[in-house]
Undergrad: 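Got a structure for you, questions after.
Below, read A as the first sequence line, B as the second, and so on, with proteins coming before strands; counting in each chain starts at 1.
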Amino acid sequence: MKGNSFYSRKIHSLLGVIPLSLFIVEHALTNFAAVEGGPQGFKDAVAFLNGLPLVTFLEIFGIFLPLLFHGVYGLYIAYQSNLNTGQFSYGRNWAFALQRISGVITFIFVFWHVYQTRFQVALGNVTHEQLGSSMHDIANSPFFFTFYVIGVIAATFHFANGMWAFLVSWGITVGPRAQRISSYIWMVVFVIVSAMFLLSLNAFRGDEFKEAAAALDVFTHTAA
Amino acid sequence: MAETTVEKKTIKFVITRQDKPDAQPYKETFEIPYRPNMNVISALMEIQRNPVKDDGNKTSPVCWDSNCLEEVCGACSMVINGKPRQACTALIDKLEQPIRLEPMSTFPVVRDLVINRERMFNALKRVKAWIPIDGTYDLGPGPRMKEAKRQWAYELSKCMTCGVCLEACPNVNERNTFIGPAAISQVRLFNAHPTGEMNMEERLETLMSDGGIEGCGNSQNCVRACPKGIPLTTSIAAINKDTTKQMFKKWLGM
């Protein structure tokens, strides 16, 4: 990497919080609309996001580019690390190793997930309204369901543990007590956000999303 | 004189050896007679006196580095049963056998268990881990230090540059330029000193350049491994705070 690695690393760290951590929480909340409101609730949540002003601008500068920088530079950081949990099997060292492993898994998962959903919308193969039924198909495929469960847990761990590390790297949690309490808080956040994603993923398996898919099928067939 | 029958106890060692800096490492096994209160250094001295492997074949004496023999110089650091520590305070009675000795291979191996810790001393020079008081005239006494501060600063001053924290750190390796925990903690020590504080920005700027503090990945192995119990992760987080402040100060032109 060219330039001063201090600033690259600081940008990497900051982008992980703003916007990426905010985005993952927003994503969990939007998905959870599928649990609480069914197909209509999810559709409304997607419609709300699409109704945001400058939505394309937000998607490019608020999600896509930060994700690309954080992901690519993150792979470089992972490459620069040794994993020595065999020799030093302390909790924090495991978190260090898992942060890198979950980062790589998340990179692959997010790439594939964006290809299956947002990229298909961009290509015109599906509309935003049909994303619920896309997710129904994905969640009912045993392979993709497993892939999504692993991906979602990896992404959420990376987010929660990354927030812990951010607070250390910016000198906010300095002493061991502050760092320990922070680790409890972020592990609770990890459990809650993972549960939200997994419950939504389970909700997408429901027949009501299939009906929505069938209804859309009829709609598209008659339209065609 | 009455003859006392003593059970012939022995100690088994598996030592990773290397003949030259660029040679391939290999393992040799030794079995030496037990004496009470031995440490790894006295066992190595025994092997030096009689360099015979457990299969009865003669070999070259094992080389190691040691100096103070009271865990204040840091010279005899090596990996003992998988953990980096000082050989002088590694008591045989408290070690599981066979005792495995390896060099701290994060550093260049000179021969057998002897390593070159020069990168640590270069790091101290890089961050200017000293207090400049030389001048063309007598500068007089410096300001006094608060007792509460002196107490935690004293803990940081126990660092003996032994290299154990670098060996334990997953980010100190050949693909990474990370300076290591020890030098960062020394920056905190010298920045805490009322006279050393005058060069604070200079030290922080060094840690804000390539291979500086950003290399820390928070595995926190260093604080667990440090034989002197130095709060290395607290030092790193405190310097994270100071470098973050310094970054914003510079940006805003303060």
Side-chain angles (χ1 to χ4, degrees), chain A residues 1-14 16-17 73-101 103 158 161-180 182-183 186, chain B residues 79 81-84 100 102 104-106 152 164-179 188 204-225 231-248 250-251:
Chain A
M1 289 274 157
K2 280 208 166 161
N4 187 333
S5 59
F6 178 79
Y7 295 104
S8 317
R9 187 68 191 254
K10 274 279 189 263
I11 292 168
H12 170 86
S13 174
L14 185 65
V17 181
Y73 194 70
L75 289 178
Y76 176 66
I77 293 174
Y79 160 76
Q80 283 190 307
S81 299
N82 281 343
L83 302 184
N84 59 6
T85 47
Q87 197 181 357
F88 305 96
S89 55
Y90 311 128
R92 280 262 59 99
N93 195 31
W94 268 106
F96 170 90
L98 289 174
Q99 185 69 3
R100 277 138 189 84
I101 295 165
H158 193 81
N161 191 55
M163 284 302 302
W164 177 87
F166 170 84
L167 293 176
V168 178
S169 300
W170 289 70
I172 297 162
T173 49
V174 174
R177 195 180 128 87
Q179 291 177 2
R180 195 173 59 245
S182 164
S183 73
W186 291 111
Chain B
V79 180
N81 284 349
K83 291 277 192 295
R100 289 167 289 123
E102 295 157 79
M104 294 204 302
S105 48
T106 296
W152 64 253
V164 163
C165 58
L166 274 76
E167 176 72 16
C169 179
N171 272 0
V172 175
N173 60 54
E174 66 286 354
R175 296 183 306 290
N176 202 318
T177 52
F178 182 40
I179 194 165
R188 184 176 175 225
L204 293 179
E205 289 289 343
T206 308
L207 289 182
M208 290 162 70
S209 58
D210 280 321
I213 195 168
E214 90 285 351
C216 172
N218 299 305
S219 80
Q220 304 206 334
N221 286 349
C222 55
V223 75
R224 305 288 289 261
L232 291 164
T233 51
T234 309
S235 284
I236 293 171
I239 296 298
N240 272 327
K241 183 189 209 156
D242 293 344
T243 48
T244 304
K245 272 193 204 160
Q246 176 70 10
M247 179 177 76
F248 283 115
K250 240 174 55 178
W251 269 0

Undergrad: So for R92(A), is it side chain, backbone, both, or neither that comes closer than 4.5 Å to the heavy atoms of chain B?
TA: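 Contact with chain B: backbone and side chain both.
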Undergrad: Tell me, yes or no, whether the heavy-atom count around Y79(A) atom OH, taken from other residues, nucleotides or ligands under 6.0 Å, exceeds 12.
TA: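 Counting neighbours around OH of Y79(A), 12 or fewer heavy atoms of other residues, nucleotides or ligands fall under 6.0 Å, so no.
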Undergrad: Check whether any side-chain heavy atom of F178(B) lies under 4.5 Å from a side-chain heavy atom of Q80(A), and answer yes or no.
TA: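 Answer no - side chains too far apart.
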Undergrad: Can you list everything that forms a salt bridge (charged side-chain N to carboxylate O under 4.0 Å, His left out) with K250(B)? Sequence neighbours excluded, please.
TA: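 Checked K250(B) against salt bridge (charged side-chain N to carboxylate O under 4.0 Å, His left out); matches are E205(B).
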Undergrad: Go through the atoms of A95(A) and report whether side chain, backbone, both or neither lie under 4.5 Å from a heavy atom of chain B.
TA: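 Neither part, no heavy atoms under 4.5 Å.
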Undergrad: Among S219(B), A237(B), A238(B), which residue forms the greatest number of heavy-atom pairs with chain A at distances under 4.5 Å?
TA: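 Most heavy-atom pairs under 4.5 Å with chain A: S219(B).
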Undergrad: Between L207(B) and chain A, which part of the residue has a heavy atom less than 4.5 Å away: side chain, backbone, both or neither?
TA: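 Backbone only.
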Undergrad: Is there a side-chain contact between Q220(B) and Q179(A) (heavy atoms, below 4.5 Å)?
TA: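 The answer is yes; the side chains approach within 4.5 Å.
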Undergrad: Can you name the one residue among P170(B), P84(B), C222(B) that meets side-chain contact (heavy atoms from CB on, under 4.5 Å) with F88(A)?
TA: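 Of the listed residues P170(B), P84(B), C222(B), the side-chain contact (heavy atoms from CB on, under 4.5 Å) partner of F88(A) is P84(B).
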Undergrad: So do the side chains of F6(A) and T243(B) get within less than 4.5 Å of each other, counting heavy atoms only?
TA: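 Yes, close enough: below the 4.5 Å cut-off.
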Undergrad: Where does V79(B) contact chain A at under 4.5 Å (heavy atoms): side chain, backbone, both or neither?
TA: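 For V79(B), the contact with chain A is made by the side chain alone.
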Undergrad: Using a heavy-atom distance cut-off of less than 4.5 Å, which residues of residues 168-175 of chain A contact chain B?
TA: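 V168(A), S169(A), W170(A), G171(A), T173(A), V174(A), G175(A), listed by number.
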Undergrad: Can you name the closest pair of heavy atoms from P176(A) and T234(B) and give their distance?
TA: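 It is CD-OG1, 3.5 Å.
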Undergrad: Non-hydrogen atoms of chain B under 4.5 Å away: do they reach the side chain of W164(A), the backbone, both or neither?
TA: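 Only the side chain of W164(A) comes within 4.5 Å of chain B.
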Undergrad: Which value, rounded to the nearest 0.5 Å, describes the distance between N240(B) atom CG and L167(A) atom CG?
TA: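 With rounding to 0.5 Å, CG (N240(B)) is 11.5 Å from CG (L167(A)).
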Undergrad: So, for S5(A) and E214(B), which heavy atoms are closest and what is the spacing to 0.1 Å?
TA: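 Answer, listing the atom of S5(A) first, then E214(B): OG-OE2, 2.5 Å.
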Undergrad: Does any non-hydrogen side-chain atom of D210(B) lie less than 4.5 Å from one of N4(A)?
TA: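 In short, these two side chains touch, coming nearer than 4.5 Å.
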Undergrad: State the OG1-NZ distance between T244(B) and K10(A), to the nearest 0.5 angstrom.
TA: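 T244(B) OG1 to K10(A) NZ: 3.5 Å, rounded to 0.5 Å.
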Undergrad: OG1/T106(B) to CG/N84(A) distance, rounded to the nearest 0.5 angstrom?
TA: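 One gets 9.0 Å once the value is rounded to the nearest 0.5 Å.
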Undergrad: Look up atom CZ in R9(A) and atom CD1 in I213(B), then write down how far apart they are to the nearest 0.5 Å.
TA: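 Between atom CZ of R9(A) and atom CD1 of I213(B) there are 11.0 Å.
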Undergrad: Does atom CH2 of W152(B) have more than 12 heavy-atom neighbours from other groups under 6.0 Å away?
TA: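 Buried by this count: over 12 neighbours within 6.0 Å.
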Undergrad: Give a yes or no on this: more than 12 heavy atoms of other residues, nucleotides or ligands lie within 6.0 Å of atom CZ of R177(A).
TA: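 Open: at most 12 neighbouring heavy atoms sit under 6.0 Å from CZ of R177(A).
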